[in-house]
**Student:** 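Below is the structure I would like to discuss, written out as structure tokens.
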Amino acid sequence: ISDLLSNLPAKPGVYLHKDAEGNVLYVGKAVNLRSRVRSYFHSHVDSIKTQRLRRQIADVEIITTESELEALLLEMTLIKQHKPPFNVRLKDDKRYPYIKIHWADPFPKVTVTRRMLRDGSRYFGPYTSAWAVQQTLDLLRKVFPYLTCDRVITGQDERACLYYDIKLCNAPCIGAVNQEQYRAEIRRLMDFLDGKSDHIIRGIEGKMERAAAELQFEKAAEYRDQLKAIERITARQKVIGASDTDQDVI
């Protein structure tokens with residue numbers, strides 16, 4: 001253990017504490033593997049749980065990742081796989097949220113789901129924060145208005161709902177946009193979720209700076225929170241692949 005601790009990398013990743021038989025006792029994540037794993041072996045550790053764990057550790061396995069997000073997703077997967085006795089969370093079959101674009105529909109809606117189905121929809125995720133997903137969708141709807149109702153869209157309705165008046169829907173129900181125009185808007189939203197978000201981020205940053213300059217600090221804080229939500233939802237990860245195709249992996 002001493003030799004291992006002296007050679008740990010200062011990188012984000014996941015660590016697995018194992019007993020003498022190779023059984024996984026605990027799975028954890030770290031922004032800095034070196035400092036986090038070494039902390040378990042400090043003499044001043046007061047937690048009874050940690051003291052019991054430390055007495056049983058005979059080996060430590062580490063897996064480095066490129067970001068804290070990747071480490072979190074990998075930790076989730078390994079806990080479900082090994083069900084370590086010292087982990088008290090994530091043992092259930094909790095699934096992280098995906099954004100679902102109902103692309104097979106003539107007028108696609110945008111929803112949040114925790115299950116992927118082969119139904120012709122486009123899925124983006126998984127994301128580690130349901131809050132960040134919802135906050136970002138609320139923001140994106142102001143930029144790319146999309147349907148949330150269950151109307152059958154014919155373009156012949158007499159009037160649109162309130163969302164059209166507050167500019168959160170472009171009202172294909174009354175023919176304000178046709179099917180081609182609506183799908184083009186949703187395609188741009190999917191481009192954003194694919195990572196093409198620079199121009200939107202620059203726009204929000206500009207609004208935040210102007211609000212701060214005008215001493216509208218509450219408004220600036222709102223824009224700051226929007227940027228945080230976008231940053232969290234667009235963070236790249238490679239631990240879980242959402243591709244819906246059969247693959248040979250070497």
Side-chain angles (χ1 to χ4, degrees), residues 14 27 29 65 67 69-83 87 89-155 161 163 168-173 177-197 200 229-250:
V14 172
V27 176
K29 67 180 183 303
T65 60
S67 68
L69 172 61
E70 285 190 10
L72 177 58
L73 293 171
L74 182 56
E75 177 196 39
M76 173 194 72
T77 302
L78 292 174
I79 290 175
K80 289 180 180 179
Q81 176 183 342
H82 296 290
K83 294 182 171 56
N87 285 98
R89 302 176 62 190
L90 294 177
K91 288 185 182 180
D92 60 1
D93 195 30
K94 175 184 176 183
R95 297 171 180 264
Y96 281 98
Y98 291 83
I99 293 175
K100 179 178 181 177
I101 312 293
H102 298 248
W103 192 243
D105 297 344
F107 292 87
K109 292 191 295 184
V110 182
T111 60
V112 178
T113 184
R114 293 181 183 269
R115 291 186 178 274
M116 294 176 63
L117 303 173
R118 293 179 180 266
D119 57 0
S121 299
R122 290 284 308 279
Y123 293 86
F124 297 87
Y127 301 114
T128 57
S129 170
W131 171 86
V133 172
Q134 199 57 58
Q135 288 289 310
T136 303
L137 285 180
D138 289 345
L139 168 63
L140 290 180
R141 197 176 180 193
K142 297 176 183 178
V143 183
F144 311 105
Y146 56 81
L147 288 166
T148 56
C149 66
D150 293 322
R151 291 190 185 189
V152 176
I153 306 300
T154 64
C161 66
Y163 287 123
L168 294 181
C169 180
N170 46 21
C173 58
V177 296
N178 59 32
Q179 181 178 343
E180 182 180 354
Q181 292 170 324
Y182 179 81
R183 291 180 71 88
E185 193 76 4
I186 299 300
R187 190 175 290 108
R188 284 192 287 272
L189 187 152
M190 290 192 295
D191 285 343
F192 171 87
L193 293 173
D194 269 330
K196 303 170 184 176
S197 56
I200 294 178
I230 290 177
E231 179 182 352
R232 295 183 71 175
I233 200 172
T234 56
R236 293 292 183 175
Q237 59 84 18
K238 298 188 291 296
V239 172
I240 299 177
S243 176
D244 204 18
T245 58
D246 295 327
Q247 301 176 47
D248 294 325
V249 180
I250 301 175

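Computed from a prediction, not measured in an experiment: that's the story for all the values here. Index from 1, following the sequence. Side-chain atoms are counted along with the backbone in the values below, which use heavy atoms only and exclude waters and symmetry mates.
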**Student:** Quick check: do Leu117 and Tyr123 have side-chain heavy atoms less than 4.5 Å from each other?
**Tutor:**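 Yes - at least one pair of side-chain heavy atoms lies under 4.5 Å apart.
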**Student:** Roughly how far apart are Asn178 CG and Asn170 CG, rounded to 0.5 Å?
**Tutor:**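 Here the interatomic distance stands at 10.0 Å.
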**Student:** Nearest 0.5 angstrom please: Leu193 CG to Arg188 CZ, how far?
**Tutor:**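 One finds 14.0 Å between CG of Leu193 and CZ of Arg188.
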**Student:** Less than 4.5 Å apart, side chain to side chain, heavy atoms only: is that true for Pro108 and Arg183?
**Tutor:**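 Side chain of Pro108 against side chain of Arg183, heavy atoms only: contact under 4.5 Å found.
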**Student:** Is there a side-chain contact between Lys109 and Asp150 (heavy atoms, below 4.5 Å)?
**Tutor:**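 Result yes, sub-4.5 Å side-chain heavy-atom pair found.
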**Student:** Over all heavy atoms of both residues, which pair between Pro97 and Val112 is shortest? Give the atoms and the distance, please.
**Tutor:**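 Heavy atoms only, the tightest pair is CB-CG1, 3.9 Å.
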**Student:** According to side-chain contact (heavy atoms from CB on, under 4.5 Å), who are the partners of Arg122, at least two apart in sequence or on a separate chain?
**Tutor:**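 For Arg122, the residues satisfying side-chain contact (heavy atoms from CB on, under 4.5 Å) (neighbours in sequence not counted) are Ile101, Trp103, Phe124, Met190, Asp194.
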**Student:** When you look at CD of Gln81, are more than 12 heavy atoms from neighbouring residues, nucleotides or ligands closer to it than 6.0 Å?
**Tutor:**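 Result for CD/Gln81: enclosed.
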**Student:** Before you tell me yes or no, could you show the steps for Glu75 and Ile79 under side chain to side chain contact (heavy atoms under 4.5 Å, CB included), namely the whole-Å CA-CA distance, both residues' side-chain angles and the distance that decides it to 0.1 Å?
**Tutor:** CA-CA 6 Å; Glu75 177 196 39; Ile79 290 175; 3.7 Å; yes
**Student:** Contact between Val177 and Glu185 at the side-chain level, heavy atoms closer than 4.5 Å - yes or no?
**Tutor:**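 No; the side chains remain at least 4.5 Å from each other.
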**Student:** Suppose we screen for ring pair (Phe, Tyr, Trp, His ring centres under 6.0 Å). Which residues come up paired with Tyr182, at least two apart in sequence or across chains?
**Tutor:**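 Testing Tyr182 for ring pair (Phe, Tyr, Trp, His ring centres under 6.0 Å), a comparison that skips the adjacent residues, returns Phe107.
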**Student:** Side chain to side chain contact (heavy atoms under 4.5 Å, CB included) for Lys142 and Leu168? Distances and angles first, verdict last.
**Tutor:** CA-CA 6 Å; Lys142 297 176 183 178; Leu168 294 181; 3.7 Å; yes
**Student:** When you compare the side chain of Thr148 with that of Cys169, does any pair of heavy atoms fall below 4.5 Å?
**Tutor:**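 The answer is no; the side chains never approach within 4.5 Å.
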**Student:** Parallel, tilted or perpendicular, judged at 30° and 60°: which one describes the rings of Phe192 and Phe144?
**Tutor:**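 Tilted.
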**Student:** What distance separates Ile99 CD1 from Gln134 CD, expressed to the nearest 0.5 Å?
**Tutor:**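 Between atom CD1 of Ile99 and atom CD of Gln134 there are 9.0 Å.
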**Student:** Who passes side chain to side chain donor-acceptor pair (under 3.5 Å) against His102, sequence neighbours left out?
**Tutor:**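 Side chain to side chain donor-acceptor pair (under 3.5 Å) check on His102 returns Thr111.
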**Student:** Look up atom CD1 in Ile186 and atom CG in Leu147, then write down how far apart they are to the nearest 0.5 Å.
**Tutor:**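 If I round to the nearest 0.5 Å, the distance is 7.5 Å.
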**Student:** Heavy atoms only: give me the nearest Arg151-Cys173 pair and the separation to one decimal.
**Tutor:**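 Heavy atoms only, the tightest pair is NH1-SG, 3.4 Å.
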